Amino acid sequence: MVIISATEFDPGAHLNSFMDASQNAGAIASFIGRVRGEHNEVESLYLESYADVTERGIENAESEARARWPLIDVLVIHRIGTMRSGDPIVLVATASEHRRSAFEACDFLMDYLKTEAIFWKKQTTKSGSEWVEPRAADYQDNKRWS
Amino acid sequence: MVIISATEFDPGAHLNSFMDASQNAGAIASFIGRVRGEHNEVESLYLESYADVTERGIENAESEARARWPLIDVLVIHRIGTMRSGDPIVLVATASEHRRSAFEACDFLMDYLKTEAIFWKKQTTKSGSEWVEPRAADYQDNKRWS
Amino acid sequence: MVKILYFGRLSDRTQCREETIDLPDDICTINALKTWLGQRHDLGDALNLESIKTMINQELVHGNESIANAQEIGFLPPVGGG
Amino acid sequence: MVKILYFGRLSDRTQCREETIDLPDDICTINALKTWLGQRHDLGDALNLESIKTMINQELVHGNESIANAQEIGFLPPVGGG
(Lines give C-alpha, C1' and ligand atoms only; values in the text may rest on other atoms or scores of the structure.)
Protein backbone atom coordinates (compact mmCIF):
# COMPACT_ATOMS: atom_id res chain seq x y z
CA MET A 1 0.00 0.00 0.00
CA VAL A 2 1.19 3.50 -0.87
CA ILE A 3 0.02 6.53 1.10
CA ILE A 4 0.96 10.10 0.23
CA SER A 5 0.09 12.08 3.32
CA ALA A 6 -0.31 15.84 3.58
CA THR A 7 -0.45 15.63 7.38
CA GLU A 8 1.88 14.27 10.06
CA PHE A 9 1.73 10.50 10.58
CA ASP A 10 2.62 8.20 13.49
CA PRO A 11 5.27 5.67 12.36
CA GLY A 12 4.90 3.31 15.34
CA ALA A 13 1.12 3.13 15.04
CA HIS A 14 1.32 2.47 11.29
CA LEU A 15 3.95 -0.19 11.82
CA ASN A 16 1.80 -1.95 14.41
CA SER A 17 -1.23 -1.91 12.07
CA PHE A 18 0.93 -3.21 9.26
CA MET A 19 2.09 -6.09 11.47
CA ASP A 20 -1.47 -6.87 12.54
CA ALA A 21 -2.50 -7.11 8.90
CA SER A 22 0.18 -9.62 7.91
CA GLN A 23 0.20 -12.18 10.67
CA ASN A 24 2.11 -14.78 8.68
CA ALA A 25 5.17 -12.62 8.25
CA GLY A 26 7.96 -13.60 10.62
CA ALA A 27 10.19 -10.76 9.44
CA ILE A 28 9.32 -7.08 9.24
CA ALA A 29 11.97 -4.58 8.17
CA SER A 30 11.30 -0.89 8.23
CA PHE A 31 12.94 2.42 7.62
CA ILE A 32 11.92 5.84 8.85
CA GLY A 33 13.38 8.99 7.39
CA ARG A 34 12.70 12.27 9.09
CA VAL A 35 13.68 15.90 9.08
CA ARG A 36 17.09 16.13 10.66
CA GLY A 37 18.22 18.89 12.93
CA GLU A 38 21.45 19.45 10.93
CA HIS A 39 22.67 21.11 14.12
CA ASN A 40 19.29 22.83 14.30
CA GLU A 41 19.88 24.80 11.13
CA VAL A 42 16.91 23.46 9.21
CA GLU A 43 13.81 25.40 10.13
CA SER A 44 11.46 23.58 7.79
CA LEU A 45 11.25 21.24 4.85
CA TYR A 46 8.62 21.44 2.13
CA LEU A 47 7.85 18.47 -0.10
CA GLU A 48 5.89 18.65 -3.31
CA SER A 49 4.56 15.72 -5.36
CA TYR A 50 2.90 15.35 -8.76
CA ALA A 51 -0.41 13.92 -7.56
CA ASP A 52 -1.28 10.52 -9.05
CA VAL A 53 1.96 10.41 -11.03
CA THR A 54 3.98 10.20 -7.80
CA GLU A 55 1.70 7.54 -6.35
CA ARG A 56 1.77 5.41 -9.53
CA GLY A 57 5.57 5.61 -9.60
CA ILE A 58 5.85 4.29 -6.04
CA GLU A 59 3.27 1.60 -6.78
CA ASN A 60 5.42 0.47 -9.70
CA ALA A 61 8.46 0.31 -7.43
CA GLU A 62 6.40 -1.74 -4.97
CA SER A 63 5.47 -4.15 -7.81
CA GLU A 64 9.11 -4.43 -8.78
CA ALA A 65 10.08 -5.21 -5.19
CA ARG A 66 7.36 -7.86 -5.00
CA ALA A 67 8.66 -9.41 -8.23
CA ARG A 68 12.23 -9.54 -6.89
CA TRP A 69 11.58 -10.75 -3.36
CA PRO A 70 8.95 -13.01 -1.79
CA LEU A 71 7.08 -10.33 0.14
CA ILE A 72 3.90 -10.77 2.10
CA ASP A 73 3.12 -7.06 2.30
CA VAL A 74 4.60 -3.63 1.66
CA LEU A 75 3.75 -0.25 3.16
CA VAL A 76 5.06 3.10 1.96
CA ILE A 77 3.94 6.32 3.62
CA HIS A 78 5.46 9.54 2.31
CA ARG A 79 4.77 13.04 3.56
CA ILE A 80 4.20 16.07 1.39
CA GLY A 81 3.73 19.66 2.55
CA THR A 82 5.62 21.50 5.25
CA MET A 83 7.53 19.60 7.95
CA ARG A 84 9.67 20.66 10.88
CA SER A 85 12.74 19.18 12.54
CA GLY A 86 11.98 15.71 13.89
CA ASP A 87 8.85 15.12 11.75
CA PRO A 88 8.72 11.79 9.91
CA ILE A 89 9.06 12.15 6.13
CA VAL A 90 8.87 8.54 5.05
CA LEU A 91 8.11 5.09 6.42
CA VAL A 92 8.82 1.97 4.39
CA ALA A 93 7.87 -1.39 5.89
CA THR A 94 8.27 -4.78 4.27
CA ALA A 95 6.92 -8.07 5.58
CA SER A 96 8.30 -11.41 4.52
CA GLU A 97 8.77 -14.90 5.82
CA HIS A 98 12.50 -14.34 5.92
CA ARG A 99 14.60 -11.49 7.08
CA ARG A 100 16.95 -11.12 4.12
CA SER A 101 14.06 -10.49 1.72
CA ALA A 102 12.49 -7.99 4.11
CA PHE A 103 15.77 -6.05 4.55
CA GLU A 104 16.69 -6.00 0.88
CA ALA A 105 13.24 -4.96 -0.33
CA CYS A 106 13.11 -2.16 2.25
CA ASP A 107 16.55 -0.93 1.20
CA PHE A 108 15.56 -1.13 -2.50
CA LEU A 109 12.37 0.89 -1.96
CA MET A 110 14.24 3.57 -0.01
CA ASP A 111 16.73 3.89 -2.86
CA TYR A 112 13.83 4.37 -5.26
CA LEU A 113 12.26 7.00 -3.01
CA LYS A 114 15.51 8.91 -2.61
CA THR A 115 16.43 9.09 -6.28
CA GLU A 116 13.50 8.33 -8.57
CA ALA A 117 10.25 9.00 -6.74
CA ILE A 118 8.61 12.16 -7.97
CA PHE A 119 9.08 14.57 -5.10
CA TRP A 120 10.75 17.94 -4.85
CA LYS A 121 12.21 19.06 -1.59
CA LYS A 122 12.75 22.64 -0.43
CA GLN A 123 14.76 23.29 2.68
CA THR A 124 14.51 26.47 4.71
CA THR A 125 17.34 27.55 6.97
CA LYS A 126 18.17 30.85 8.62
CA SER A 127 19.98 31.85 5.44
CA GLY A 128 16.99 31.19 3.17
CA SER A 129 15.29 28.48 1.14
CA GLU A 130 16.68 26.14 -1.47
CA TRP A 131 15.55 23.12 -3.48
CA VAL A 132 17.56 20.03 -2.54
CA GLU A 133 18.35 17.35 -5.10
CA PRO A 134 19.64 13.81 -4.42
CA ARG A 135 23.25 13.48 -3.32
CA ALA A 136 25.74 11.56 -5.46
CA ALA A 137 25.73 8.86 -2.75
CA ASP A 138 21.99 8.36 -3.24
CA TYR A 139 22.39 7.73 -6.97
CA GLN A 140 25.27 5.37 -6.19
CA ASP A 141 23.12 3.39 -3.75
CA ASN A 142 20.35 3.10 -6.30
CA LYS A 143 22.70 1.61 -8.93
CA ARG A 144 23.22 -1.44 -6.71
CA TRP A 145 19.93 -2.88 -7.96
CA SER A 146 20.41 -2.58 -11.71
CA MET B 1 20.14 -0.06 25.03
CA VAL B 2 19.52 -3.77 25.46
CA ILE B 3 16.32 -5.08 27.01
CA ILE B 4 15.63 -8.75 27.68
CA SER B 5 11.91 -8.93 28.27
CA ALA B 6 9.99 -11.78 29.88
CA THR B 7 6.67 -10.20 28.87
CA GLU B 8 5.15 -9.15 25.56
CA PHE B 9 6.31 -5.78 24.21
CA ASP B 10 4.80 -3.26 21.80
CA PRO B 11 7.21 -2.71 18.86
CA GLY B 12 5.52 0.44 17.53
CA ALA B 13 5.47 2.14 20.92
CA HIS B 14 9.13 1.29 21.58
CA LEU B 15 10.11 2.52 18.13
CA ASN B 16 8.33 5.82 18.70
CA SER B 17 10.06 6.30 22.08
CA PHE B 18 13.38 5.44 20.48
CA MET B 19 12.79 8.09 17.81
CA ASP B 20 11.79 10.67 20.40
CA ALA B 21 15.03 10.03 22.27
CA SER B 22 17.30 10.61 19.26
CA GLN B 23 15.95 13.70 17.58
CA ASN B 24 19.07 14.31 15.53
CA ALA B 25 18.85 11.02 13.67
CA GLY B 26 17.47 11.45 10.18
CA ALA B 27 17.53 7.71 9.53
CA ILE B 28 16.00 4.97 11.65
CA ALA B 29 16.16 1.36 10.46
CA SER B 30 14.42 -1.38 12.33
CA PHE B 31 13.70 -5.05 12.21
CA ILE B 32 11.00 -6.99 13.98
CA GLY B 33 11.08 -10.77 14.18
CA ARG B 34 8.04 -12.56 15.46
CA VAL B 35 6.59 -16.00 15.88
CA ARG B 36 5.44 -17.13 12.46
CA GLY B 37 2.30 -19.09 11.82
CA GLU B 38 4.16 -21.69 9.71
CA HIS B 39 0.73 -22.54 8.31
CA ASN B 40 -0.52 -22.41 11.88
CA GLU B 41 1.53 -25.40 12.94
CA VAL B 42 3.53 -23.63 15.65
CA GLU B 43 1.51 -23.57 18.83
CA SER B 44 4.14 -21.85 20.93
CA LEU B 45 7.76 -20.84 21.11
CA TYR B 46 9.82 -20.82 24.29
CA LEU B 47 13.02 -18.80 24.57
CA GLU B 48 15.60 -19.23 27.27
CA SER B 49 18.56 -16.94 28.02
CA TYR B 50 21.58 -17.07 30.32
CA ALA B 51 20.75 -14.01 32.41
CA ASP B 52 23.50 -11.35 32.43
CA VAL B 53 25.66 -13.37 30.07
CA THR B 54 23.10 -12.97 27.28
CA GLU B 55 22.71 -9.26 27.95
CA ARG B 56 26.48 -8.65 28.03
CA GLY B 57 26.87 -10.50 24.73
CA ILE B 58 24.30 -8.28 23.02
CA GLU B 59 25.84 -5.18 24.59
CA ASN B 60 29.19 -6.21 23.10
CA ALA B 61 27.56 -6.61 19.69
CA GLU B 62 26.05 -3.16 20.10
CA SER B 63 29.52 -1.75 20.89
CA GLU B 64 30.92 -3.44 17.82
CA ALA B 65 28.14 -1.96 15.67
CA ARG B 66 28.83 1.49 17.11
CA ALA B 67 32.53 1.08 16.32
CA ARG B 68 31.80 0.08 12.71
CA TRP B 69 29.09 2.61 11.87
CA PRO B 70 28.40 6.18 12.99
CA LEU B 71 25.30 5.46 15.05
CA ILE B 72 23.39 7.89 17.19
CA ASP B 73 21.51 5.24 19.11
CA VAL B 74 20.74 1.51 19.20
CA LEU B 75 17.84 -0.39 20.73
CA VAL B 76 17.59 -4.16 21.07
CA ILE B 77 14.57 -5.74 22.73
CA HIS B 78 14.51 -9.54 22.89
CA ARG B 79 11.79 -11.68 24.36
CA ILE B 80 12.34 -14.70 26.56
CA GLY B 81 9.69 -17.07 27.90
CA THR B 82 6.67 -18.46 26.10
CA MET B 83 5.30 -16.78 22.98
CA ARG B 84 2.47 -17.57 20.61
CA SER B 85 1.96 -17.10 16.89
CA GLY B 86 2.19 -13.42 15.96
CA ASP B 87 4.02 -12.32 19.14
CA PRO B 88 7.10 -10.15 18.61
CA ILE B 89 10.36 -11.91 19.49
CA VAL B 90 12.88 -9.23 18.71
CA LEU B 91 13.09 -5.56 17.80
CA VAL B 92 16.33 -4.01 16.63
CA ALA B 93 16.36 -0.30 15.87
CA THR B 94 19.34 1.78 14.78
CA ALA B 95 19.44 5.54 14.46
CA SER B 96 22.00 7.34 12.37
CA GLU B 97 22.41 10.50 10.36
CA HIS B 98 22.48 8.44 7.19
CA ARG B 99 20.43 5.57 5.97
CA ARG B 100 23.17 3.21 4.82
CA SER B 101 24.72 3.09 8.32
CA ALA B 102 21.33 2.53 9.92
CA PHE B 103 20.45 -0.33 7.56
CA GLU B 104 23.80 -2.07 7.79
CA ALA B 105 24.04 -1.85 11.57
CA CYS B 106 20.51 -3.20 11.96
CA ASP B 107 21.28 -6.10 9.61
CA PHE B 108 24.56 -6.79 11.46
CA LEU B 109 22.86 -6.89 14.86
CA MET B 110 20.16 -9.24 13.59
CA ASP B 111 22.83 -11.58 12.28
CA TYR B 112 24.44 -11.57 15.71
CA LEU B 113 21.11 -12.26 17.41
CA LYS B 114 20.29 -15.12 15.04
CA THR B 115 23.57 -16.96 15.34
CA GLU B 116 25.63 -15.85 18.34
CA ALA B 117 23.35 -14.35 20.94
CA ILE B 118 22.88 -16.66 23.89
CA PHE B 119 19.33 -17.86 23.49
CA TRP B 120 17.82 -21.30 23.14
CA LYS B 121 14.57 -21.72 21.31
CA LYS B 122 12.04 -24.51 21.75
CA GLN B 123 9.20 -24.84 19.32
CA THR B 124 5.97 -26.65 20.11
CA THR B 125 3.78 -27.99 17.32
CA LYS B 126 0.95 -30.53 17.31
CA SER B 127 3.57 -33.25 16.93
CA GLY B 128 5.56 -32.19 20.00
CA SER B 129 8.37 -29.92 21.13
CA GLU B 130 11.89 -29.50 19.80
CA TRP B 131 14.85 -27.22 20.31
CA VAL B 132 15.59 -25.21 17.15
CA GLU B 133 19.13 -24.24 16.22
CA PRO B 134 20.20 -21.63 13.62
CA ARG B 135 19.74 -22.56 9.97
CA ALA B 136 22.78 -22.82 7.68
CA ALA B 137 21.53 -19.64 5.96
CA ASP B 138 21.80 -17.74 9.25
CA TYR B 139 25.44 -18.71 9.74
CA GLN B 140 26.10 -17.75 6.11
CA ASP B 141 24.55 -14.31 6.64
CA ASN B 142 26.65 -13.76 9.73
CA LYS B 143 29.90 -14.47 7.84
CA ARG B 144 29.30 -11.38 5.69
CA TRP B 145 30.66 -9.19 8.48
CA SER B 146 33.92 -10.94 9.22
CA MET C 1 -6.68 25.13 -23.30
CA VAL C 2 -3.77 23.32 -21.75
CA LYS C 3 -2.73 23.11 -18.13
CA ILE C 4 0.99 23.73 -17.58
CA LEU C 5 2.62 22.56 -14.33
CA TYR C 6 5.95 23.82 -12.99
CA PHE C 7 7.51 21.76 -10.23
CA GLY C 8 10.26 22.31 -7.70
CA ARG C 9 12.62 25.15 -8.47
CA LEU C 10 10.86 25.91 -11.77
CA SER C 11 7.86 27.31 -9.87
CA ASP C 12 10.20 29.77 -8.14
CA ARG C 13 11.13 31.10 -11.59
CA THR C 14 7.60 31.23 -13.02
CA GLN C 15 6.10 32.49 -9.75
CA CYS C 16 3.32 29.97 -10.23
CA ARG C 17 2.88 26.23 -9.80
CA GLU C 18 0.34 25.89 -12.57
CA GLU C 19 -1.41 27.90 -15.23
CA THR C 20 -4.08 27.09 -17.80
CA ILE C 21 -3.37 28.73 -21.14
CA ASP C 22 -5.00 29.09 -24.54
CA LEU C 23 -1.87 28.61 -26.66
CA PRO C 24 -1.30 30.40 -30.00
CA ASP C 25 -2.04 28.09 -32.96
CA ASP C 26 1.59 27.92 -34.06
CA ILE C 27 2.79 26.44 -30.72
CA CYS C 28 2.32 22.77 -31.48
CA THR C 29 5.44 20.96 -30.24
CA ILE C 30 7.29 20.73 -26.94
CA ASN C 31 10.26 22.72 -28.18
CA ALA C 32 8.06 25.54 -29.47
CA LEU C 33 6.18 25.54 -26.18
CA LYS C 34 9.41 25.73 -24.15
CA THR C 35 10.60 28.74 -26.15
CA TRP C 36 7.22 30.44 -25.85
CA LEU C 37 6.96 29.84 -22.10
CA GLY C 38 10.60 30.86 -21.65
CA GLN C 39 9.80 34.28 -23.11
CA ARG C 40 6.47 34.59 -21.28
CA HIS C 41 8.11 34.08 -17.86
CA ASP C 42 11.62 35.31 -18.63
CA LEU C 43 13.04 31.85 -17.83
CA GLY C 44 16.16 31.97 -20.03
CA ASP C 45 16.99 28.34 -20.87
CA ALA C 46 15.59 26.97 -17.60
CA LEU C 47 13.09 24.71 -19.42
CA ASN C 48 15.68 23.56 -21.96
CA LEU C 49 18.16 22.08 -19.48
CA GLU C 50 18.78 18.39 -20.02
CA SER C 51 17.82 17.73 -16.41
CA ILE C 52 14.24 18.99 -16.92
CA LYS C 53 11.85 16.16 -17.80
CA THR C 54 8.58 16.71 -19.63
CA MET C 55 5.32 14.87 -19.13
CA ILE C 56 2.35 15.14 -21.49
CA ASN C 57 -0.90 13.97 -19.91
CA GLN C 58 1.16 12.52 -17.05
CA GLU C 59 3.37 10.40 -19.33
CA LEU C 60 7.07 11.04 -19.79
CA VAL C 61 8.07 12.18 -23.29
CA HIS C 62 11.58 12.41 -24.64
CA GLY C 63 11.85 14.20 -28.01
CA ASN C 64 10.13 17.17 -29.55
CA GLU C 65 6.64 15.66 -29.32
CA SER C 66 3.45 17.16 -30.66
CA ILE C 67 1.26 18.77 -28.01
CA ALA C 68 -1.88 18.57 -30.14
CA ASN C 69 -3.64 16.22 -27.70
CA ALA C 70 -2.14 17.62 -24.52
CA GLN C 71 -4.53 18.55 -21.73
CA GLU C 72 -1.73 18.71 -19.13
CA ILE C 73 1.98 19.33 -19.57
CA GLY C 74 4.37 19.11 -16.64
CA PHE C 75 7.97 20.29 -16.41
CA LEU C 76 9.94 18.33 -13.81
CA PRO C 77 13.37 19.23 -12.39
CA PRO C 78 15.47 16.43 -10.85
CA VAL C 79 13.42 14.60 -8.23
CA GLY C 80 14.24 13.23 -4.81
CA GLY C 81 12.25 12.49 -1.69
CA GLY C 82 12.88 10.47 1.47
CA MET D 1 29.17 -26.04 46.45
CA VAL D 2 28.92 -25.27 42.77
CA LYS D 3 25.89 -24.30 40.75
CA ILE D 4 25.54 -26.24 37.50
CA LEU D 5 23.34 -24.85 34.71
CA TYR D 6 21.98 -26.89 31.81
CA PHE D 7 20.59 -24.90 28.89
CA GLY D 8 18.40 -25.69 25.91
CA ARG D 9 18.11 -29.34 25.03
CA LEU D 10 20.52 -30.35 27.81
CA SER D 11 17.89 -29.52 30.42
CA ASP D 12 15.52 -31.98 28.73
CA ARG D 13 18.13 -34.68 29.36
CA THR D 14 18.95 -33.75 32.95
CA GLN D 15 15.30 -32.98 33.81
CA CYS D 16 16.54 -29.84 35.53
CA ARG D 17 17.73 -26.41 34.48
CA GLU D 18 20.07 -25.97 37.41
CA GLU D 19 21.36 -27.78 40.42
CA THR D 20 23.69 -26.85 43.26
CA ILE D 21 26.05 -29.68 44.14
CA ASP D 22 28.74 -30.47 46.70
CA LEU D 23 31.18 -32.18 44.34
CA PRO D 24 33.46 -35.06 45.42
CA ASP D 25 37.02 -33.86 46.10
CA ASP D 26 38.49 -35.70 43.13
CA ILE D 27 36.31 -33.85 40.60
CA CYS D 28 38.51 -30.88 39.92
CA THR D 29 38.55 -30.33 36.16
CA ILE D 30 35.92 -29.78 33.47
CA ASN D 31 36.49 -33.21 31.89
CA ALA D 32 36.16 -35.01 35.21
CA LEU D 33 33.00 -33.02 35.96
CA LYS D 34 31.48 -33.90 32.59
CA THR D 35 32.08 -37.59 33.14
CA TRP D 36 30.71 -37.42 36.68
CA LEU D 37 27.57 -35.49 35.62
CA GLY D 38 27.14 -37.79 32.61
CA GLN D 39 26.87 -40.74 34.93
CA ARG D 40 24.73 -38.92 37.51
CA HIS D 41 22.07 -38.01 34.88
CA ASP D 42 22.61 -40.85 32.42
CA LEU D 43 23.57 -38.35 29.70
CA GLY D 44 25.81 -40.58 27.57
CA ASP D 45 28.26 -38.26 25.80
CA ALA D 46 25.77 -35.35 25.63
CA LEU D 47 28.11 -33.04 27.58
CA ASN D 48 31.17 -34.10 25.57
CA LEU D 49 29.89 -33.11 22.14
CA GLU D 50 32.06 -30.52 20.44
CA SER D 51 29.00 -28.28 20.03
CA ILE D 52 28.54 -27.92 23.81
CA LYS D 53 30.29 -24.85 25.18
CA THR D 54 31.30 -24.49 28.80
CA MET D 55 31.30 -21.36 30.93
CA ILE D 56 32.96 -21.10 34.35
CA ASN D 57 31.70 -18.15 36.38
CA GLN D 58 30.01 -16.87 33.22
CA GLU D 59 33.21 -16.88 31.15
CA LEU D 60 33.76 -19.20 28.21
CA VAL D 61 36.50 -21.80 28.70
CA HIS D 62 38.01 -24.02 26.05
CA GLY D 63 40.26 -26.78 27.38
CA ASN D 64 40.16 -29.03 30.42
CA GLU D 65 40.19 -26.16 32.93
CA SER D 66 40.36 -26.47 36.69
CA ILE D 67 37.07 -25.90 38.45
CA ALA D 68 38.71 -25.09 41.78
CA ASN D 69 37.37 -21.52 41.82
CA ALA D 70 34.08 -22.22 40.10
CA GLN D 71 30.91 -20.97 41.73
CA GLU D 72 28.84 -21.44 38.60
CA ILE D 73 29.36 -23.74 35.62
CA GLY D 74 27.11 -23.59 32.57
CA PHE D 75 26.80 -26.07 29.72
CA LEU D 76 25.54 -24.40 26.51
CA PRO D 77 24.29 -26.17 23.38
CA PRO D 78 24.34 -24.21 20.07
CA VAL D 79 22.56 -20.89 20.53
CA GLY D 80 20.22 -18.91 18.35
CA GLY D 81 17.51 -16.39 18.98
CA GLY D 82 15.67 -13.85 16.86
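To find a chain, count down the sequence lines: A is the first, B the second, and so on, and within it residues start at 1. Quick caveat, the model's predicted, so the values are computed rather than measured.
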From A/Gln23 atom CD to B/Arg34 atom CZ, the distance as rounded to the nearest 0.5 Å: 5.0 Å

Heavy-atom contact with chain B under 4.5 Å, split by part of A/Ser22: both

Step-by-step side-chain contact (heavy atoms from CB on, under 4.5 Å) determination, A/Arg36 to B/His98: CA-CA 10 Å; A/Arg36 265 187 288 163; B/His98 298 292; 3.7 Å; yes

Heavy-atom contact with chain B under 4.5 Å, split by part of A/Ala93: neither

Pair B/Asp111-A/Arg99, side-chain contact (heavy atoms from CB on, under 4.5 Å): steps then yes or no: CA-CA 10 Å; B/Asp111 279 342; A/Arg99 126 186 99 101; 2.5 Å; yes

Steps toward side-chain contact (heavy atoms from CB on, under 4.5 Å) verdict (B/Leu15, A/Ile32): CA-CA 10 Å; B/Leu15 193 57; A/Ile32 298 156; 3.7 Å; yes

Residue B/His14 versus chain A: region with a heavy atom under 4.5 Å: neither

Options A/Ala102, A/Pro88, A/Ala25, A/Ala13, ranked by heavy-atom pairs under 4.5 Å with chain B, top entry: A/Ala25

Atom group of B/Ala95 that falls short of 4.5 Å from chain A, counting heavy atoms: neither

Chain A contacts, top residue of B/Ser30, B/Pro11, B/Ser17, B/Gly12 (heavy-atom pairs, under 4.5 Å): B/Ser30

Working for side-chain contact (heavy atoms from CB on, under 4.5 Å), residues A/Cys106 and B/Phe103: CA-CA 9 Å; A/Cys106 188; B/Phe103 266 125; 3.8 Å; yes

Nearest-0.5 Å distance, CG of residue A/Asn16 to CG of residue B/Asn16: 8.5 Å

Part of A/Ala29 lying under 4.5 Å from any heavy atom of chain B: both

